[in-house]
Amino acid sequence: MIEFKDVGLVYPNGTEGLKNVNVTIKDGEFVVIVGLSGAGKSTFIRSINRLVTPTSGSLLIDDDDILKYRGSDLRKLRTKIGMIFQNYNLVKRSNVLKNVIAGRLGHTGTIRSILSLYKKEDVGLAYESLKRVNIEEKIHNRADELSGGQQQRVSIARVLTQKPNYILADEPVASLDPPTSHQVMTYLKKINKEDNITTIVNLHFIDMAMEYADRIIGMRAGEVVFDGPVSKVTEKTFEEIYGRTIREDDLRGGAKES
Amino acid sequence: MIEFKDVGLVYPNGTEGLKNVNVTIKDGEFVVIVGLSGAGKSTFIRSINRLVTPTSGSLLIDDDDILKYRGSDLRKLRTKIGMIFQNYNLVKRSNVLKNVIAGRLGHTGTIRSILSLYKKEDVGLAYESLKRVNIEEKIHNRADELSGGQQQRVSIARVLTQKPNYILADEPVASLDPPTSHQVMTYLKKINKEDNITTIVNLHFIDMAMEYADRIIGMRAGEVVFDGPVSKVTEKTFEEIYGRTIREDDLRGGAKES
Amino acid sequence: MTKQTPSLSQTTTPSLYPAKTKAQVTLIFFIVIGFYLFSMYWTQRKMVGGFGDALGNMGVVIEKFFPPNLSVIPAVWDPMAQTIQMAIIATTVAAILTIPLALLSAQNITTFKPLYAGVRTLLNILRTIPDLVLAVVFVGLFGVGLFPGIMALIIFSLGILAKLISETIEAVDMNPLEAMRAAGGNTLQVIYYALVPQVLPQFTSFVLYVFEINIRASVVLGLVGAGGIGLVLDQQLRFYNYPNAMAIIILIFVVVLIIEYISNKLREALI
Amino acid sequence: ACGSSEGGDSAEGSSGDGGEKPDTIVMGFVPSQDSDTIADTVEPLAKRLGEELGIEVQGQVMTSYNALVEAMGANQVQVGFIPAFGYVLANEQYGVEVILKSERYGSGTYKAQYLVRTDSGIEELADLEGKIWAYPDKGSTSGYLFPANQLMQEFGYESGPQLETDFFSNTLSAGGHDTAAIAVYEGDADVATTFDDVRTELEEEYPDVMDKLKVIGHTQDIPNDTISVTKELDDELVKEIKEIFLSFNEDEEMIKIMNEVYNWDAIIEASDEEYTVVKDTYQKFKDNIEL
Amino acid sequence: MATYTLPPKRKKSIVKRLKHIAIFFAVIALYVWTFLGIDIDWGRAIERAFNNFHRVIPKLFHPNWEAAGEVTVKIIETITIAFAGSFMAAILAIPLGFLAAQNMSRSRFLTAIGKWILSAVRAFPDIILAILFVVAVGPNAFAGVLAIAVGSTGMLGKLYSEVVESIDMQVVEAMEANGANKVQALFYGVLPQIIPEFLSYAIYRFEIDIRASSILGIVGAGGIGTMIIFAANNRNWNEMGLILLAIIIVVTVIDFVSARIRRKIV
Ligand SMILES: Nc1ncnc2c1ncn2[C@@H]1O[C@H](COP(=O)(O)OP(=O)(O)OP(=O)(O)O)[C@@H](O)[C@H]1O
Ligand SMILES: Nc1ncnc2c1ncn2[C@@H]1O[C@H](COP(=O)(O)OP(=O)(O)OP(=O)(O)O)[C@@H](O)[C@H]1O
Ligand SMILES: [Mg+2]
Ligand SMILES: [Mg+2]
């Protein structure tokens, strides 16, 4: 369980990334965060694994305030949270297996990982994860030989190998074309259901959000302006999130310039 | 007027980019080409300004076969055809004005352009074009300081400065988020109507195609499999283009992996 | 909701790299290490002393350089200036000559294969010639003086610069070039509008890097009568005025640092 | 920086400090630029010396006498073939002692010469005033030190720099004896000071050099290149080395080698006093060489 | 054609404009100073080259084949020295390169120290390095190895640090988000990104070191460098021609072999 309690975050340059955020995410939920660019979606997500550190309030994960974590506590926390990035963030020159097995770094001793002495079961797990996203035949290819969608699947496999309790995905499909986007979202959803991993995803497309989410959180200017199940999303919700009424275009997330 | 007569194109590696294409595009039309990835959309569009050269048939523009053009003929041809690219293709380190005025290169002497001695009217035209896409206030910014949508608008301004008779756009919105995509398409449509410039656009999204096009050309494996006004697009059209019946996903251009 | 336990049988556990790659990389690795060990043995076989006093001996010599006699610096300012001037001329000429050569030896700009290969080979050969040989040959050609020194620096810099810059050109984003071509620009216009802005920052920093190299190469040039600070340093060493030599070294160091500082500032301004 | 490898396994052991007989002797050789053929090997001498001594002798050719002097100071090299000027420094810095020197053209000394163009109208040293002087480099005994010293004495100048600026109108550091001569030949300078006689070396490339350049004077005698030893070397051993080298003079085969390779007629005894003249000259320049 | 309104002029701050003007005049002044300081009689230089051409150039192209055996031996000696030296430098430069890279440590102080060390090493003339190592280990090939190792470390360290500064730090962030510690992030996120460049720079430096003739001559390391110096002193252009040919062949072969190795590893 993840609990944001009055969380605020002010960037060093004074920008308020998060304002007074109060959100509780239960285990196994599939939550999608939507909002305009700069609304604070990334900041929200990155707070959870402390890639950024909120400056006020408290953030509990499994009833423990992670804001005071440092060093090895932090690494342990991150070990149980998997993260998927917009640009996949694979090591382009390493092969797929090596990228995926990097998911086990948090569980592997430093020496062992430097010498590439993985446990058999780790390699097995990595292979299994690749199979789950149907990309096992690319195992020895270099990451930069793969298409965008394939790279994102590898990055999902990396997260799976990590065996996390939580998965964070920061606009995982923004660099992908629509069919591939759906593929990737489908895999995320499947994993969420099969393994009961709490999943939090940032998206631009509100209709895609509605299709996959259990629950939608709308953000605007660092604040949570909507929080509820998909069924509760109404015209008013759009108004709150985008600052105006819903139009046909919004179904593709679009807006003509007035 | 653009006429494809039995046009075929075989790439050096043997791939058939175009097969037996017969299409006539009248002046002032707004044509959208749709098709799967690899269908030959880009090849079609790039044949028109000879960025690629068809290997058989003839391609007439204003009743002149452009396939035999070389050197200065070719540059004159390109001067009257503007092109917009998926990745905007701006010179990132140059400022907006310099990027836009590059649209006049075909009309400017080499020496003059290298010494940056532009004619007053060219600079004025560039400014006018920037105004038309509402981005005149960024005139002195460097291109890499702009967002994707803004960059694409600059690239439209560049094309406008060229004062072309034809505009080709190769997936102009594929790198943009939906709201911005609509903005860009709206500008293209507006220019098409106001200046009566024949416009040919490649798109992935069939619903966006339907919204803006006068006429849709569907391609598959290098062949034209549909050609007609938007009103004639039926379920069968989708089958022809995508090789299967229409599904809800196609409206976002999406397809779940089976 | 079954958490899949990975099956751990041998067959499903793939190796990290394909066996072939593994074997090849291992082989290369051992060849390199083997050759290193051989080289170490080979180069040490004539060593008599061992390492016992190595540091002590070095210490004795290093001590002789201290304290540096900084009072000579005003007197050596002239040759230092001469060195800088030589480096400026050589770097400028090399930078100008590099432009066409780098374009001709960049695969993505010069599509005519024989021309590209020809220029590339020429540059490779230029790069192989040791600076000392260049200096000696040019002294043979032009007689002693600054000119052969400058010529040697030009050729030497040209080899390095053209290689570095042609590699930069090969790495640029070709899309803007295509856009310019689509707008009807001719080759020169395309290069000037789309290529130059992309390579300019790298170009500047490489040119300054070569400038720095040229300042240091002047030590070699002093040996063939090309003048400059290298000659003075050599004289001081020959007369066993080590503290003076140290002062000159410090001066060279400071000049190099200043160039580096300016170079960083310029790069920041351009990027 | 240098500690990254294990000791030289092949080295026979440490060279003795102070009076012990070492297992291996290293012989360093800096070829004299003041000679018309510049030898590039010390191998024949080292090999013979080793055979006679029954100790391994390694010969190394070096191109900088600074390096050789320092190496002798650190006792990394025990026997050095050093030009006169280098010897003076080695003696002053590290007490290196001369035992032998080479004999060329039947003499243990050589001279430096003043070269001018035949058609220049310069006939004697006094005519050099206001002219351009090309010298090989300031560390050259025959190319700079001796002629400079001679001119200073003759025309009453205090220091080298004074001579260069007040007596001559300009100077040119040519880098080598040959290039100094060529500078005069080509008209870039009016007088070159070189060893006697650099022109023979240039005859092949400049066939008319003998006619176009003439010698207007010589300096006093300069002692030839030395064979010197470090003070750590055992006296007995030094004596033995000296005798072996001297015995080469009787050996047909060695005479031939010395002549062909080093242009030497013989190896003769030498003492430190002979080099006093170089030492004195050096002392004059030592302190004001710093420009 | 209609007349258009011109765009507003770029608003440049006066300070900036003054700065540009100042830089412009500084550069002009620099060149004036340079050309006033250096006087070269171009006519004479060209005339001279014309006269001397036949003395030098044709002989370079008529290598003295008699020396082929010796040149072969010496060049092999040079390769071993250069290889051992470059190899040591390639390793030594790694910690220094990381130390001097801005994105590897938050401490600006450490970065500055790293950069200073590298600059200092580069400012040190070869001849002094050579003397120091002759004194340390005697005049022999190994002194050459050490001199080359230290001499190359300065340049390699600088190039390495630039490579490290240019890597994609997002990948490192992804590793950290996995729970990897600093060392693991280094090995998994950083190393794969830099190895190919490090390797090509090391090989490039190896090439340069093969040509590092003067330093090897000074330390009595033998090798091709000593031959070059003696060929130059004796004005033996035919032999110089052969030596050059040998170096060109060796460097070309190295280029070829290294390109293949690089392709395997990159
Ligand atoms: N490192 C930073 N330093 C300062 N301000 C930042 C930083 N990162 C983000 N911000 C600012 O914080 C605000 C929230 O940014 P955030 O990245 O969370 O938005 P987002 O919703 O993810 O937007 P997008 O859809 O563009 O990714 C923005 O105003 C942004 O400019
Ligand atoms: N330069 C080339 N050389 C060889 N084959 C090519 C080249 N460019 C394109 N092709 C091939 O030609 C076919 C048509 O490609 P084209 O780029 O026209 O497709 P597209 O419809 O634009 O696809 P996308 O939506 O992916 O841009 C494809 O099979 C492609 O692989
Ligand atoms: Mg974001
Ligand atoms: Mg395409």
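We name chains A, B, ... by the order of the sequence lines, and we start the count at 1 in each one. These numbers come from a predicted model, not from an experiment.
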Do you know which of B:Gln152, B:Arg158, B:Gln151 makes side-chain hydrogen bond (donor to acceptor under 3.5 Å, both in side chains) with B:Ser155?
-> B:Gln152

Heavy-atom distances under 4.5 Å only: say whether [X] touches chain C with side chain, backbone, both or neither.
X: B:Ile81; value: backbone
X: B:Arg46; value: side chain
X: B:Lys98; value: both

Search all heavy atoms of C:Ile88 against all heavy atoms of C:Thr92 and return the closest pair with its distance.
-> O-OG1, 2.6 Å

Given B:Met83, which of B:Ile200, B:Leu51, B:Asn89 fulfils the side chain to side chain contact (heavy atoms under 4.5 Å, CB included) condition?
-> B:Leu51

State which residue, out of B:Lys41, B:Glu171, B:Met185, fulfils the side chain to side chain contact (heavy atoms under 4.5 Å, CB included) condition with B:Leu203.
->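 Single side chain to side chain contact (heavy atoms under 4.5 Å, CB included) partner of B:Leu203 among B:Lys41, B:Glu171, B:Met185: B:Met185.
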
Greater than 12 external heavy atoms within 6.0 Å of B:Lys68's NZ | yes

Can you label the angle between the C:Phe142 ring and the C:Phe147 ring as parallel, tilted or perpendicular, going by 30° and 60°?
->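 C:Phe142 vs C:Phe147 ring planes: perpendicular.
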
Are B:Asp195 and B:Arg132 within salt-bridge range, i.e. N to O under 4.0 Å?
-> yes

C:Leu188, C:Asn186, C:Val196: which one forms the most heavy-atom pairs within less than 4.5 Å of chain B?
->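 Heavy-atom pair counts peak at C:Asn186.
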
Which residues pass the salt bridge (charged side-chain N to carboxylate O under 4.0 Å, His left out) test with C:Asp173, sequence neighbours left out?
-> none

Relative to chain B, which segment of C:Tyr193 carries a heavy atom at a distance below 4.5 Å: side chain, backbone, both, or neither?
->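 Looking at C:Tyr193, backbone and side chain both touch chain B.
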
For chain B, which residues of residues 176-184 of chain C have at least one non-hydrogen atom nearer than 4.5 Å to it?
->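 Within residues 176-184 of chain C, the residues under 4.5 Å from chain B are C:Pro176, C:Glu178, C:Ala179, C:Met180, C:Arg181, C:Ala182, C:Ala183, C:Gly184.
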
